[in-house]
Amino acid sequence: MSVLQRLSALSELQCLLLAVQYATESNINALRALTALRESELPLDLVLAVLLTFLPEGAEPAAHVEYLNELATGARHPGDDPAAHLDIAAIEALSKSQIKKRKKELDLLPLVHPQYDAELELDPFTHFLIHRAHRIDSQTGLLDLVPQLIAPFLNHSEYLRTWFISTAMPLLRISYEYYPQGTAVSLDEFASLRGMRALDFNFSNLRAARRAGADTGNAARDMKGIVTPWICGANDRKRRRISGGNRRASIAEEPVQELNDWDSLFQWFLRTSKEDLPLVTAVISEWDGPEDMDLGGFEEGRDYVDEETQRRLEIKYAQTALACLYSVDASDVGALQTAHALLTRVCDLLHQDSPPDLSIGVELLPTYNLKIPILQDATSSLIQEDRLLASDNDITKPEEGTLRIVELILFSACVLSSLQHAISPRMAAKMSLRDDYSEQSSLLQKVLHTLTSGPKKDSEQWQTIRSKLIWLWNWGTDIHDNDRHGQGVLGMLEKTTIETEILKSLIEGNHFPLAVQIYVKPAFGEQPLLQSEVEKVVIAAALNHYDNASNGNRNRGGMKRCADIIAAFAPHFPKSSRFQRTQALLSATHAMSFYSLKLEHGVPFQPVNIRVSTDPLSLVQKLLSQNLGSYTKLDDFVSIGQNLVVSMPSTIIEDDKDATSLDATTIHKKKIIAERRVIGMAIDAALEEGDFETAYSYVVNRLTPAATPSPAASTSSQRFSFDSNTSTKQTDDVDDVAWRAALRAGRSKPSPTSTTRSSYGTTARPDLRRLEQRMELLSQALLLAPAPHLEEVLTVWQQCEAEMTSLLAEETEAEERFNDAADRKLPGAFDMSSLPTVQPRREVGRGAVEESPMGLFDVARGAAAAFSKSAFPLRSNTSASASPRPDSREANARGSMDLSDSDSVRAHEERVRKRDLLANTATGALQSGLGWVLGAKPVNEQGR
């Protein structure tokens, strides 16, 4: 019996076992003959299952592709000589029990792979090929055999073609062509990837290479050869996912809407742009969009994206590119250049004009010339990551207006970077959309602080800096939203604020000529700031250095900076009282720096102490008290005090304190006020150090009533009268200082250590000389003191007068004793009656026959006549004394004194004469003060 006859006698189970045997042995010729001759017992599904289960996965697909094609087409052919290939002896020898046992041991695989069980419409052969490909990879890892298996049958099924292009081919390129040394992944794992996880894997090798330092040269290749082919299977994967999910769901609910693969790709771009902008830029720059795919030629002219979908995806693609620009968080120059390249690419995609180069000059920067106010209602929420790709986002819509907005934001970040304050485009966009005044003000302050504290810049550089800041404020246009002053990233600030801060920086950088050129003497038609505003800024800048100075010397540190600023701008503000006052303050502070001064708790004096003091003149008193002998430099301290009073340091900048300029009259009055106070302080200092002579000299020579009439005569035209209540109070304070200083000097009782020469050259008693000086000081105090205080002065006067009377009596007694002793010792006698009598003292306003002490009422009677004299009544009133009526007793005594010592007599007469004049002075002052209370009358009336 022939082989074919024996074959026809085999049962169905025997035929199955025989097919398994041939498949296991990879005997394709025998299997072809068997399946062709016994087709009814071996249907297609069964044969495919046998091949899937028992055909070795490592077998070369080329050996059985032809056979598979016969199965797929249904044109089975036993071959040229089927009997020569068939060997059925082993199967024939099996008993029925053995056959049944082997049948039970058979475990045929299902044709449908578990991942594709939702694809119910697929034919068995397509399922077989897909499952066979998965088996080859999972059992042998020889994924490169899959193309040999699948490629011949791509025309068999569109699903199979799509599956091969979107699943097998990308994995093949990753594993064998692009990254053979990369991490391997099975076909089962790759086919199960969805959405962002799949994209992360598709780009994982590229990202790893980037982290290792590789460039972006392969970015577009991977996009075209891996990612876009993978996306071609999006619909099939989505269908499988939804079908599988519906079968697993126990409750009929609406499935959650998920992003499709294209949306996932755009989201991946957006997310990656924050981490690796060059990678995203490289991909977008070389990838022309959804239609740009490398499918290896297997598509054979098929379009996997229809025209309508492609148009929608292209818009989304351009929007994604714009959104990536708003996501750039890096602020370095490289990031800005990369962002500029990306913007240029987007403009090309949308067929719009490309942005200018980043290195252009400030005059060529782009301008905001949009007719539609895109940013008017925009907020910073639009650049949140979850909103950037929304279809209703006004700032990422791919159109000309949004391109110009992104361009301006990018150039704003670039300009700020050139100003040494790098910020990212995302931060620039936030600032432009947030409209936060304090944030923009802080940015301006930081920029200018960095520029002024860095390397010194010349005038040309500062002019460029100013132009850039103005551009950042208005983006080169006068058109702006209603709630803004400018359209740029600094648009919430007023232009005067920008100009003021620039002026401050120019002053800080010592660019005085440029500041004058721009702000003090601007070109015709340009006036960045009002002159009053410029003045305030200059003074404030100068005083800032003044307040921070540690030493008052104007040639050092902050004082020098302050003086330089004032010297540079003062000639341009000749009528400015602020500049006058500041110059006076500088002069006073400089002069004070030559003295030692400690404040409370031993804190060294600093210039700012003058500015914070409510009474700067009090510092002069401290100077005098802490520097021994400094009171001798009275003119120096008077100059300091006058400058301090004129400058009014604590109110130089305050508007309401300097509404009018300081005229000559006001300055003169202030200087007089300061001089009187400082003289009073110097007198006190001299008395504290025991220098009575200097104190006496200051009172009689500097505190003259001719300069400041007594308050008792305040109703007369001789008293200074200020227009304001403050000036009147200051005058009263000065007068109070003057007369009290004279009173304190008159009260002092110095202890002389030597005698003094009288005005006639004779030696006088020191105590009498000192007493005369004190009474002269008290006469000054009478002329300066207010009426309510005259009695206080006169009380001291009475004490001095009583002391003078006592001393004169002692002197007279001593002279008489001396003369008597001389008479007894000298031979002969003298005729005392023939001697000239000594002129006795004449009381002021009345005749007197004896030398008696003057009381308060005696002094008051001569007050009116003395008040009209000069500031030195002791020297000018000698001729006004009337002839006295001599007393006989006193005349005799004086005659004996004259005989013994003519000089002594003359000295005594001088004292008597001076005493009379002092009395006249005191009574003169009292006459206009308290004299009317006492009933005193002028001397001329008494004479009549």
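We find the CG-CD1 distance between N544 and I539 to be 12.5 Å, quoted to the nearest 0.5 Å. With rounding to the nearest 0.5 Å, the separation of CG in L777 from CG in L782 is 11.5 Å. Atom-to-atom distance recorded for L514:CG and Y519:OH is 8.0 Å, nearest 0.5 angstrom. Here the CG-CD1 distance, from L506 to I518, works out to 6.0 Å after rounding to the nearest 0.5 Å.
Shown here for R581 and V646, the closest heavy-atom pair between the two residues is CG-O, 3.5 Å. Shown here for R611 and S650, the closest heavy-atom pair between the two residues is O-CB, 3.2 Å. Of all the heavy atoms in A549 and P607, the pair that sits closest is O-CD, 3.3 Å.
When atom types are taken as modelled, the side chain of Q780 and the backbone of V699 share a donor-acceptor pair closer than 3.5 angstrom. Side chain of N609 to main chain of Q606: a donor-acceptor pair is present (N/O by atom type, distance under 3.5 Å, no hydrogens or angles). Judged by distance alone, the side chain of S806 and the main-chain N or O of A802 form no donor-acceptor pair under 3.5 Å. In this structure, R561 contributes its side chain and E508 its backbone to a donor-acceptor pair below 3.5 Å.
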Requested in this report: Before giving the answer on side chain to side chain contact (heavy atoms under 4.5 Å, CB included), spell out for M559 and L586 the whole-Å C-alpha distance, their side-chain angles and the decisive distance to 0.1 Å.
Outcome: CA-CA 8 Å; M559 283 288 294; L586 287 172; 3.7 Å; yes

Query - Residue pair H572, K521: steps toward the side chain to side chain contact (heavy atoms under 4.5 Å, CB included) verdict - result: CA-CA 9 Å; H572 304 287; K521 296 182 178 180; 3.5 Å; yes

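Side-chain contact between M592 and F605 is present, with heavy atoms from C-beta onward closer than 4.5 Å. With contacts defined as side-chain heavy-atom distances shorter than 4.5 Å, the pair E811/L768 qualifies. For the pair D684/Y631, no side-chain contact is recorded, criterion being any heavy-atom separation below 4.5 Å from C-beta on. The shortest side-chain heavy-atom distance between R677 and V620 does not fall under the 4.5 Å cut-off. Residues N551 and S593 form a side-chain contact, since some pair of their non-hydrogen atoms from C-beta on lies under 4.5 Å apart. Using a 4.5 Å cut-off on side-chain heavy atoms (C-beta onward), E693 and R770 make contact.
Under the rule for a salt bridge (charged side-chain N to carboxylate O under 4.0 Å, His left out), the partners of R747 that lie at least two apart in sequence or sit in another chain are E792.
Contact check on R554 versus D564 returns no salt bridge, with no Lys/Arg side-chain nitrogen under 4.0 Å from an Asp/Glu carboxylate oxygen. Salt-bridge check for K536 with E533: failed, with every basic side-chain N at 4.0 Å or more from each acidic carboxylate O.
Classification of the Y595-F637 ring pair by plane angle, with boundaries at 30° and 60°, yields tilted. Ring orientation note: the planes of F594 and H590 are nearly perpendicular, at an angle over 60° on the 30°/60° scale.
Applying the salt bridge (Lys or Arg N to Asp or Glu O under 4.0 Å) test to residues at least two apart or on different chains, none of the pairs has a partner in residues 582-594. Here salt bridge (Lys or Arg N to Asp or Glu O under 4.0 Å) pairs that include residues 629-652, with residues two or more places apart or in two chains, are D635-R702.
Here the options are K671, K670, K669, the test is side chain to side chain contact (heavy atoms under 4.5 Å, CB included), and the partner is I667; only K671 passes.
Around atom CD of E810, more than 12 heavy atoms belonging to other residues, nucleotides or ligands sit under 6.0 Å away. Annotation for K456: atom NZ counts as buried by contact number, over 12 foreign heavy atoms lying within 6.0 Å.
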